[in-house]
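Heavy atoms only: backbone and side chains are in, while hydrogens, waters and symmetry mates are out. Computed from a prediction, not measured in an experiment: that's the story for all the values here.
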Amino acid sequence: LLDSADQERFDRLRYVEIKHGRISQLAFLGQITTRAGTHLPGDIDYSGHSFDSYPNGLAALFGPDSVPDRGTVQIFCFIGLLELFVMKDVTG
């Protein structure tokens, strides 16, 4: 796969692998934390739905009690903005 790759390509792949590993670790901790019953305090929207009123795991995205579609789109857009503008590959 990397027989003819230079050092710059190798360093880029290493950076991406470390970043994805950190994201996976955060996702795992978030899953464990919410399954243990710890949720953010307060309401998630102006309608009065609290954070703990939504189910854990994939049921939060799919199913009868899932997060509304607009909320899911907002979450993915926020992640995209973080990816493009905050989590930059800064060398040095």
Legend entry - CG/Leu58: more than 12 non-hydrogen atoms of other groups inside 6.0 Å: no
Inset, instruction - Considering non-hydrogen atoms only, spot the tightest contact between Tyr54 and Asp65 and give its length. - result: CD2-O, 3.3 Å
Legend entry - Under-4.0 Å salt bridge between Glu83 and Lys19: yes
Inset, instruction - Examine the side chains of Arg35 and Gln31 and answer whether a donor and an acceptor come within less than 3.5 Å of each other. - result: yes
Legend entry - OG1-NE2 distance between Thr34 and His39, expressed to the nearest 0.5 angstrom: 6.0 Å
Legend entry - Cluster check Val73, Phe78: I/L/V/M/F/W/Y, side chain < 4.5 angstrom: no
Legend entry - Asp69 atom CG: more than 12 heavy-atom contacts under 6.0 Å: no
Inset, instruction - Mind listing the closest non-hydrogen atom pair of Ala60 and Pro55 along with its distance? - result: CB-O, 3.2 Å
Inset, instruction - Give the minimum heavy-atom separation between Thr33 and Leu29, together with the two atoms involved. - result: OG1-O, 2.6 Å
Inset, instruction - Drop me the distance from Phe76's CZ to Leu61's CG, to the nearest 0.5 angstrom. - result: 6.0 Å
Inset, instruction - Please check if atom CZ in Phe51 has more than 12 non-hydrogen atoms from other residues, nucleotides or ligands closer than 6.0 Å. - result: yes
Legend entry - Atom pair CD1 (Ile23) and CD1 (Ile18), whose distance is rounded to the nearest 0.5 Å: 12.5 Å
Legend entry - Donor-acceptor contact below 3.5 Å, side chain Asp45 vs main chain Ser47: yes
Inset, instruction - Answer with yes or no whether the hydrophobic clustering places Leu13 together with Phe10; edges join I, L, V, M, F, W, Y residues whose side-chain heavy atoms lie under 4.5 Å apart. - result: yes
Legend entry - Straight-line distance of Leu82 CG to Cys77 SG, nearest 0.5 Å: 11.5 Å
Inset, instruction - Kindly work out whether a path of hydrophobic side-chain contacts (I/L/V/M/F/W/Y, heavy atoms less than 4.5 Å apart) joins Leu84 to Leu81. - result: yes
Inset, instruction - Enter the distance from Ser50:OG to Leu40:CG here, rounded to the nearest 0.5 Å. - result: 11.0 Å
